[in-house]
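Below is one structure, written out as structure tokens; the observations come after it.
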Amino acid sequence: MGKIYFKDLANYYNQEIELQGFVDKVRDLQYVQFVILRDSSAKVQMTIEKNEENKVLNEIVSDLTKESTLLAKGIIYKQDKVKLRGMEFIPKTIEITSKSEEELPIDILDFNNKSKQDLRLDNRFLDLRLEKNYLIFKGQTIAEMAMREYWLRNDFIEIHSPKILGTASETGAEVFDLEYFGKKVYLAQSPQFYKQMAMGAGFNNVFEIGPVFRAENSHTAYHATEFTSVDCEISWIKSFHEVMDIEEEKLIEVMKKIKNDIGEDYQRIFKKEIAVPQEKFPRINFYDAKKIVQDNYNYVGKKDFDFDRREEELICIYAKKKLNSEFVFVTDYPFEARPFYHMIDPETKLTKSFDLLYKGIEITTGAQREHRIDILEKQALEKDMNLESIDFYLNFFRYGMPPHGGYGFGLTRFLMRLFEVDSIRDVTFLYRGPNRVMP
RNA sequence: GGUCCGGUAGUGUAGUGGUUAACACGCCAGUCUGUCACACUGGAGAUCGCGGGUUCAAGUCCCGUCCGGACCGCCA
């Protein structure tokens with residue numbers, strides 16, 4: 001690609017080059033003009049002296065508006081008196097490739113009067129020009145790449161399951177329905193049934209990174225009606241602890257890769273360190289976790305079979321303080337709180353399941369799946385399900401199905417906690433929620 | 001879905017019944033010897049979300065409505 005990224009400019013000192021970027025700032029003084037240019041990688045100062053020779057350039061710069069785009073040809077010099085990276089670009093020609101309107105709908109400088117979230121989302125194309133937002137999506141790219149690398153190395157197959165479904169995929173969440181040639185169909189709330197089908201197909205191990213849709217009228221900072229789910233499913237397991245082993249191993253790798261690739265930028269922009277987990281994540285079973293919260297924080301959750309938000313936060317505070325981990329697995333949930341396909345331990349009567357909590361929020365639900373059709377049917381009936389409507393799914397189990405387990409991982413929730421931003425909206429390219437379907 | 005809170009120049013806020021609605025940032029113009037969150041001087045810019053009501057008088061009080069946020073529930 002021909003474009004020279006601003007981060008690489010030091011490689012071109014004293015050479016004649018072509019720059020393209022956004023106008024970040026214009027400082028038009030009496031005898032000299034400074035234009036700060038910006039691309040996704042860095043900023044650089046362009047300097048034009050005001051004189052007869054530069055008359056054309058001076059007029060172009062006088063007329064420049066912030067956030068316009070331009071193409072300039074000239075020479076990049078090392079220049080110690082410039083605080084911005086100790087370099088400056090002296091143009092010979094400037095071409096305004098797109099002129100921005102004078103006043104922006106949001107405060108893109110974001111210096112001390114941050115625009116409201118709703119307005120920023122309305123103008124997301126401008127909001128995303130902020131350096132920190134670019135870094136978030138760079139982090140997302142690295143996270144996905146690191147996961148794919150891990151899976152590829154460990155014999156996983158990538159699948160793309162359908163998002164238009166003839167029946168709801170039953171994770172317990174609500175589904176959207178839509179009109180489909182006169183019939184009612186549903187948007188996938190999870191690839192759950194289909195990644196299990198891949199187990200029945202003998203694919204051994206599969207993963208999918210893709211959109212899921214939840215018709216939950218949830219007004220919180222950590223819910224969306226459409227988000228990116230990372231799913232995987234593993235055959236031939238003997239225990240759901242193997243599923244946790246794999247998630248843990250993969251996540252440590254992801255964190256290392258993120259720290260390695262964007263750790264410096266992260267620290268400069270967010271003023272924090274990325275903490276790479278050094279050892280295994282603590283695993284606490286459900287009832288022990290309940291007791292820990294009661295004993296240590298004198299808090300009793302409102303629900304017997306699940307955690308409320310406060311309990312999730314307190315468990316994470318405990319794990320961080322006492323167990324030195326930002327990640328914590330909670331295991332062995334009661335069947336009441338779990339979908340029908342989670343396997344039940346005949347001794348404890350609890351499910352062979354887990355959640356992964358990260359900095360106070362649930363980012364994963366996983367389990368060993370019930371692969372024996374008679375028990376699966378019995379459990380579905382216990383959850384008041386209509387067996388006919390899931391017959392296509394039950395069919396997967398009728399002709400040989402390996403013991404298997406897997407998990408679903410909320411990519412956006414993970415990113416939200418990784419960057420410690422206030423809202424899932426900040427880590428979603430274009431957020432979709434109960435009250436937002438535009439732009 | 002429930003509870004609470006908010007909506008005032010382009011942006012963020014102040015304004016708790018009484019002149020011409022204030023401040024900061026941004027914008028425009030001018031001044032300024034190299035700025036770097038440039039500085040200085042001046043200027044434009046608001047039917048105070050919308051509709052109704054109370055009052056001599058409403059940005060301010062009341063009712064309705066629309067939009068948004070936080071927390072809870074549901075979940076990743």
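Computed from heavy atoms alone, side chains included, the values below leave out hydrogens, waters and symmetry copies. Model, not experiment: these values are computed from the prediction. Letters A, B, ... mirror the listed sequences (proteins, then strands); counts begin at 1.
A:E248 places a side-chain N or O within 3.5 Å of a backbone atom of A:F281 that can act as its donor or acceptor partner.
Residues satisfying the side chain to side chain contact (heavy atoms under 4.5 Å, CB included) criterion with A:L430, sequence neighbours excluded, are A:R124, A:R432, A:P439.
Judged purely by distance below 3.5 Å, without hydrogens or angles, the side chains of A:E208 and A:S161 pair a donor atom with an acceptor atom. A:D107 and A:S115 are not linked by any side-chain donor-acceptor pair at a separation below 3.5 angstrom, with hydrogens and angles left out of the test.
Remark: the A:S218 side chain and the B:rC75 base include no donor-acceptor N/O pair separated by less than 3.5 Å. The base of B:rC72 has none of its N or O atoms less than 3.5 Å from a complementary donor or acceptor on the side chain of A:H219. Side chain A:Q117 to base B:rG69: no donor-acceptor pair is found below 3.5 Å. At a cut-off of 3.5 angstrom, the base of B:rU35 holds no donor-acceptor pair with the side chain of A:Q33. Interface remark: the A:E88 side chain does form a donor-acceptor pair with the B:rG34 base, using a distance-only criterion of under 3.5 Å. Put simply, the side chain of A:R310 and the base of B:rC71 share no donor and acceptor less than 3.5 Å apart.
Which of B:rU11, B:rU35, B:rC75 sits closest to the side chain of A:D107 comes down to B:rU11. Taking the side chain of A:N435 as heavy atoms from C-beta on, and the options B:rG68, B:rG34, B:rG26, the nearest nucleotide is B:rG68. Minimum atom distance to the side chain of A:D306 is reached by B:rC75, of the listed B:rG12, B:rC75, B:rC27. When distances run from any side-chain atom of A:K303 to the nucleotides B:rG73, B:rG34, B:rG26, the shortest one goes to B:rG73.
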What side-chain donor-acceptor pairs closer than 3.5 Å can you find for residues 302-315 of chain A, not counting sequence neighbours?
| from | atom 1 | to | atom 2 | distance (Å) |
| --- | --- | --- | --- | --- |
| A:K302 | NZ | A:Y299 | OH | 3.3 |
| A:K303 | NZ | A:F307 | O | 3.0 |
| A:D308 | OD1 | A:Y299 | OH | 3.4 |
| A:D308 | OD1 | A:R310 | N | 3.2 |
| A:D308 | OD1 | A:E311 | N | 3.0 |
| A:D308 | OD2 | A:Y299 | OH | 2.9 |
| A:D308 | OD2 | A:K302 | N | 3.1 |
| A:R309 | NE | A:Y222 | OH | 2.9 |
| A:R309 | NH1 | A:E312 | OE1 | 2.8 |
| A:R309 | NH1 | A:G360 | O | 3.1 |
| A:R309 | NH2 | A:E313 | OE2 | 3.2 |
| A:R310 | NH1 | A:E313 | OE1 | 3.3 |
| A:E311 | OE1 | A:K290 | NZ | 3.3 |
| A:E311 | OE1 | A:D308 | N | 2.9 |
| A:E311 | OE2 | A:K290 | NZ | 3.0 |

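Stacking between A:F227 and B:rA76 is present: the aromatic ring centre lies within less than 5.5 angstrom of the base six-membered ring centre, and the two planes differ by under 30 degrees.
Across all strands, A:L119 comes closer than 4.0 Å only to sugar-phosphate atoms, never to a base (heavy-atom distances). Among the protein residues, A:I363 comes within range of the sugar-phosphate backbone only, with heavy atoms under 4.0 Å from sugar or phosphate atoms but none that close to a base. Backbone-only contact: A:K116 has heavy atoms under 4.0 Å from sugar-phosphate atoms and none from a base. Within the 4.0 angstrom heavy-atom criterion, base atoms lie near A:D28.
B:rC61 sits 10 Å from B:rU16 when the P atoms are compared, rounded to a whole Å. Remark: the separation of the C1' atoms in B:rC28 and B:rG45 is 10 Å, to the nearest Å. To the nearest whole angstrom, the two C1' atoms, one in B:rG49 and one in B:rA9, are 15 Å apart. The C1' atoms of B:rU60 and B:rG17 are separated by 7 Å, rounded to the nearest whole Å. A distance of about 14 Å separates the P atoms of B:rG52 and B:rG59, rounded to the whole Å.
Judged by closest nucleotide on RNA chain B, A:Y431 is the one of A:F409 and A:Y431 placed further toward the 5' end.
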